[in-house]
Amino acid sequence: MPERYDPERVEAKWQAVWERERAFVSEPISRDGVAAQVPESPKAYVLEMLPYPSGEIHMGHVKNYTMGDVIAHVRRRQGFRVLHPMGYDAFGLPAENAAIRTGEAPGVVTRRNIDRIRTQIKRMGWALDWDTEISTCEPDYYRWTQWLFLRMFEKGLAEQRDAAVNWCPQDQTVLANEQVHEGRCERCGAQVELRQLRQWFLRITDYAQALLDDMSLLEDWPDRVITMQRNWIGRSEGARVRFTVDGSGEDLWVFTTRPDTLFGATFFLLAPEHPAVGRLVEGRPECEEVMDYVARAARADMAERGAVDKPKTGVFTGRYVTNPVNGEAIAIWIADYVLMDYGTGAIMAVPGHDERDFAFARAFSLPIVRVIAGDGEDAQTPLDEAYSGPGTLVNSQFLDTMTVADAKKAMADWLSGRDLGEATIGYRIRDWLISRQRYWGCPIPIVHCADCGVVPVPDDQLPVLLPEVDDYTPRGKSPIAANRAFVETTCPRCGGPAKRETDTMDTFVDSSWYFLRYTAPGLSSAPFEREVLDAWMPVDQYIGGVEHAVLHLLYARFFTKVLNDLGLLSTREPFNRLFTQGMITLGGTKMSKSKGNTVAPDAIVERLGADALRLYILFLGPPADDADWNDSGVDGQRRFLDRAWRVVRAAAAAPAGPLPSLAELRADPPALELARRTEQTIAKVAGDIDRFSFHTAISAIQELVNLATKGVAEGALGGAHGPAALAHAARTLASLLFVFAPHAASECWEALGGDRLWVEPWPAAAPEFLEREHVTIVVQVGGKVRDRIEVAPGMSEADLEALALSQERVRAAIGERQVARVIVVPDRLVNIVLGGAKA
RNA sequence: GCCGGAGUGGCGGAAUCGGUAGACGCGGGGGACUUAAAAUCCCCGGCCUUCGGGCAUCCGGGUUCGAGUCCCGGCUCCGGCACCA
C-alpha cells in the first residue's frame, strides 16, 4: 500500500473495475426478445431527478446524485435488488436557443452535451446502471410519449380548445399556469400576456380531488411540498348559483364560497375575458366604453393586473341580472379583478362581506348591505369595512338568525330545490396547457383533416418524427410549421389531404413518465411491461429540488393516476418517499453561470478527487437546508481521507485475525475502547443514513478514525489484542466509508485483503460491544451540575442517591440547606432538590 | 395578507425520547518533528470572574426536580402562494 493516498490513480482504477464487471446493473429490466425474471429479493428503486443536459454538471447535481448513491449502496448491501438509473431530460429551450444563435441543430448540440455530462457523471463514481440510460429527445423514447398522449386523447383527457392562455412574448410560446410566477415566465422572466388561443390541454382538473386524496398514500413527503401542492390545487367548498340576465334571459353562473351572503349581493361582475361580455353590450351606448376597457385589460401584463394593492377599476355594462333569492335587479359591471380562469369568470359581489367587493363598491358608489352581524352588532350596525368574521345572518329573510355555517347549507338546499344552483367544490388548479410553439420538443401526434376534424395518428405510424428545419426561430408558431413535407399529409381516417399538428409538447410531459421507462429502456414493442414495471414501482426514494413541487412532482402524480386508471400499472402514486434537497450557494447566493459565481465540480475533482467532493457535499450540513460552499472545507475532507488511509495502512502493515471476544479484550483496555467505538460507529452510521443525516454519519466515521489514529500514534495498540482491534476498526472503517467515498474505501478494503466491497453485506453492530463499561452520572444540586461520577451501568437508584450525597463537592453545594427531594435517572443523573435552611 | 420552515461559538453545524450544550469539520492560537518550510501529529479555543463561581442556545413569560428541546406571547430571517370570489 503506497504511503500516500493518490485519488487520481485510485478513482480511475475502481471506475474501470465497476464498468468492466458491470457492478451496478439491475434485474429485472424489459428487453426486446428477452423474458424478464423477477428475483425473490426485496426491491429498492432509488431515483434522483434526471438532469437537463447542459453539458456541465453543477454542485446541485453532485449533492443530489451523491445522496441517492449512498442510499442505493446501502440498500444493495442490505440485500435489496436496486434500480438506480440515469437519463437526460433532453428536449427544451436552452438547446434550441443555442441553435438559434449558432445555426447548429438542437439535436447535435444536445447529443454533444450529453456526451460531456456523461463523462462528468462517470467521473463522480456514482453507482448507476448505465444499461438503462435514456434520453427523452430520442425517437425510441418520444415515440412512447406520443403513445401515452394518444391513450389520454382516447379517454378525453387530452383535448384542444380555445382558452385565454399565458403567452410569453420573449420565448414566443404559450406556458402552463405552473410555469408563470408573479406574472412572469419562470424560464426567461419576461412579463406574460393573456391571449385567446386554441391549444392542447391535459385534463389534470379531472384529477384534482384524487391528487388531494391520494396524498394519504404517500409514505414520506416533506410537509412543505404537500402544502404547496394542496394550495396549488386550491380546493374550496361553495355553491354554483344561476343568475338570469334581464331582457335576454341568458343564464350567468357564479361560483361562491359564501352562498349564505346571497341577500347581500348588490351587484354582479364579469371578467373582461368572459364570453358573454360582447353579447351583453352589443348595440348599446355602453358598448364602446366596455370594449375599450376589455381591450386595455387584455394588453395589461398579468403582474400589474394582479397586484393586490392596485385600485379597483371597472365599467358598467348598462345591463342587469336578477338576484335569484330576492328578485332584485342588480347591475352587471366588468372588472379586471375578476379572473376568467377561476370559477366561472363571473361573481356575485357582496361588498358588505368581501374586502375587494367593498373597495369596488366604494369606488363606484354602489350599495352595501349587511347580512352578517358579528359580536355586538345588529342588522343596522353600519359597515366601514367588509366583515368576514363569524356571526349570525341578518337582512336575509329565511336565513335570519342562522349561523354562517348553517346558512351556507340552508341556502345551498334552497337553491338546489328550485334548480337555481347547488353545493359544489371549486378548484384553483387549471388544466395543464401542454402545447408549445417551439421546435425542440415532442411532436403532438395529431392530424387535422378538413372532413374528419382532429384525428389521432395511429399507433403503428409512431413515432411522428421531429422534422429537420432550416430556421429554429419561433415566430408565434412552431418552426416545424415551415416544413411543408412534414405538415402536408393524408388523413389516417379518410385518406384525404390533411395537415399535421405543428405544436410540440411541454418538456414536463416527457419527464412525467421517464421513471417508468427505466424499466424498459429501448423496448420497441411497448413503453414498458406491466409485470416488470410492477416489480419496481413505486419509486422507493426520490430525491430532487423543491422547485418542482407544483411542476414535475404534480404532473408525474397525475400521469401515474391516469396510467393506473388505464390499467397500465398497479400503483396510484409514483414516488413513495420524497426528499427535497437544499441549494449549494456561494457567498449566500445561488450559484449561476450568468452571474459567474459558480464552483465547477470538475475543477474540485481534478484537484482533490471525487471522493473528497462527495464527502464534503454531504458533510456541509443537513441536506434539506441550503448550504454555502467553502473551499477549505473540501480540503478538510481530503485530509480526512488521508488520515483514514494512514489508519488502514497501519492495519495492513500488521496483519491480524478476527476481533477477539469481549471477555478477551477486557485484558487490553485500549483495544477494547477501539473495538467498542467501532461497533458504536456501525450502529450510528446506519441510523443516521436512514434519517438522511449524512453529515453526522460522516462525523461518526471521523471520530473512529481520530481514535484509531491516536491509538496508532501513541503506540497504545501494541498490547495483546491491539493489532486485531486495529484491523477490525480499519475493515469497518472501509466498509462504512464506502457508501460515501467508494473509490478510496474500495482501495482500502483491497489492501486489507478484501474483495468486492459493493457486494459485501452491510455491517451489523455486535450488541455486546454497545453496552458501556461505565457510565457518567451527572450530579445536579438544584438543577445545576455540581459533580460527575463514574459508575458501572445498572446501579440502583438508592445506591446512586447515596453515592451522590456522599460526594464532597455535592455536600459543599448543599451546605446548610435541607434536601427536599432527590430525582434519580438511572445511568444518567442525580438531581438533589433543596428545601429551605436546615432547621 | 395567508400557508410552511428556521434562529445555538469567529463560521458550517451536533445534542435522535425533557436529563453533561457546543460532537465533527472549517478558521484561529500554541507545541512536537525539521537546518528551514511544507506535510503530519498533539494540545487550547462561548462570555465574565474577586477563581468560590456567575451568565450563556433570538426576546419576554410559563410548565417541570430539570427546557436548545414542551406551552403562550413577541421579534427577525428564509421559502411558497397571493384581487382565487
Side-chain angles (χ1 to χ4, degrees), chain A residues 4 181-182 222-232 234 236 238 254-258 261 265 269 271 305-310 312 335-339 341-350 353-357 359-360 426-430 546-547 549-550 582 615-616 619-622 624-637 639-640 642-643 646 684 687-688 690-691 693 695-703 705-706 709-710 712-714 776-785 787-788 812-813 820-825 827-834:
Chain A
R4 295 183 59 86
H181 292 287
E182 294 173 353
D223 287 344
R224 70 170 167 160
V225 175
I226 293 285
T227 305
M228 282 165 73
Q229 290 204 356
R230 200 175 295 254
N231 292 344
W232 188 260
S236 47
V254 304
F255 172 75
T256 177
T257 55
R258 297 297 304 271
T261 63
L269 295 172
R305 177 171 159 185
V308 184
D309 48 0
K310 187 187 147 231
K312 294 285 175 283
D336 67 0
Y337 78 88
V338 180
L339 308 173
D341 46 46
Y342 181 75
T344 61
I347 64 166
M348 61 177 212
V350 183
H353 305 285
D354 181 281
E355 205 183 316
R356 300 149 298 167
D357 298 347
F360 192 85
Y427 297 93
R428 209 192 73 119
I429 190 172
R430 286 188 267 160
V546 75
E547 66 273 14
V550 291
L615 279 168
Y616 174 66
F619 187 75
L620 258 170
D625 295 357
D626 288 351
D628 207 54
W629 180 267
N630 175 355
D631 274 331
S632 44
V634 214
D635 293 330
Q637 295 307 314
R639 284 197 286 272
F640 162 57
D642 286 337
R643 266 182 290 142
R646 283 190 290 270
K684 177 150 176 65
D688 283 355
D690 275 350
R691 62 186 179 104
S693 186
H695 62 311
T696 54
I698 293 167
S699 294
I701 299 174
Q702 291 177 341
E703 287 183 72
V705 169
N706 290 349
T709 298
K710 205 171 161 176
V712 171
E714 292 172 359
T776 305
I777 303 294
V778 172
V779 185
Q780 298 180 332
V781 177
K784 290 189 190 305
V785 179
D787 205 356
R788 294 182 172 89
R821 246 177 101 187
V822 179
I823 310 282
V824 181
V825 182
D827 292 350
R828 271 199 191 272
L829 81 121
V830 177
N831 187 9
I832 296 157
V833 186
L834 297 177

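Lettering follows sequence order; numbering is per chain, from 1.
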In whole angstrom, give the distance that lies between atom [atom1] of [X] and atom [atom2] of [N].
| X | N | atom1 | atom2 | result |
| --- | --- | --- | --- | --- |
| A:Gln229 | B:G4 | CD | P | 16 Å |
| A:Arg828 | B:C17 | CZ | P | 12 Å |
| A:Asp642 | B:C41 | CG | C1' | 13 Å |
| A:Lys784 | B:C65 | NZ | C1' | 13 Å |
| A:Tyr616 | B:G25 | OH | C1' | 10 Å |
| A:Ile777 | B:C65 | CD1 | P | 21 Å |
| A:Asp223 | B:A6 | CG | P | 10 Å |
| A:Arg788 | B:G19 | CZ | P | 16 Å |

When the [atom1] atoms of [M] and [N] are compared, how many Å lie between them, rounded to an integer?
| N | M | atom1 | value |
| --- | --- | --- | --- |
| B:A85 | B:U69 | C1' | 43 Å |
| B:U20 | B:A32 | P | 38 Å |
| B:A67 | B:C58 | P | 15 Å |
| B:G18 | B:U57 | C1' | 15 Å |
| B:G10 | B:C47 | P | 7 Å |
| B:G52 | B:G19 | C1' | 26 Å |
| B:C77 | B:G22 | C1' | 23 Å |

Working note: A:Tyr616 + A:Asp631, criterion side-chain hydrogen bond (donor to acceptor under 3.5 Å, both in side chains); need CA distance, chi angles, decisive distance, verdict. CA-CA 10 Å; A:Tyr616 174 66; A:Asp631 274 331; over 6 Å; no
Hey, does [X] reach any base, or is it just sugar-phosphate, or nothing, if we go heavy atoms under 4.0 Å?
| X | result |
| --- | --- |
| A:Asn630 | sugar-phosphate |
| A:Asp688 | base |
| A:Gln780 | base |
| A:Pro222 | nothing |
| A:Leu620 | sugar-phosphate |

Go through B:C41, B:G19, B:A14 for me and flag the one nearest to the A:Ile823 side chain. B:G19
Is A:His695 close enough to B:A14 that one of its side-chain N or O atoms is under 4.0 Å from OP1 or OP2 there? yes
Watson-Crick/G-U partner (both atom distances under 3.5 Å) of [N]:
| N | value |
| --- | --- |
| B:A39 | none |
| B:C47 | B:G54 |
| B:G25 | B:C11 |
| B:C2 | B:G80 |
| B:U16 | none |

Between A:Arg643 and A:Leu829, the residue closer to the 5' end of RNA chain B by nearest nucleotide is A:Leu829
CG (A:Asp341) and CD1 (A:Ile429) are apart, to the nearest 0.5 Å, by 12.5 Å
Please classify the glycosidic conformation of B:G73 as syn (within 90° of 0) or anti (everything else). anti
B:C41 glycosidic conformation (syn if within 90° of 0, otherwise anti) is anti
Show the distances under 3.5 angstrom between N or O atoms of the protein and N or O atoms of nucleotides 27-32 of chain B.
| from | atom 1 | to | atom 2 | distance (Å) |
| --- | --- | --- | --- | --- |
| B:G27 | OP2 | A:Arg639 | NH2 | 3.4 |

Does A:Asn831 use its side chain to pair, donor to acceptor, with the backbone of A:Gly783 at less than 3.5 Å? yes
Report yes if the side chains of A:Ile347 and A:Asp357 come closer than 4.5 Å at any heavy-atom pair, otherwise no. yes
Is there a donor and acceptor pair, one atom on the side chain of A:Lys684 and one on the base of B:U16, closer than 3.5 Å? yes
Heavy atoms under 4.0 Å is the rule here; annotate nucleotides 79-85 of chain B 5' to 3' with B where the base is hit, S where only the sugar-phosphate is, and - elsewhere. SSSBBBB
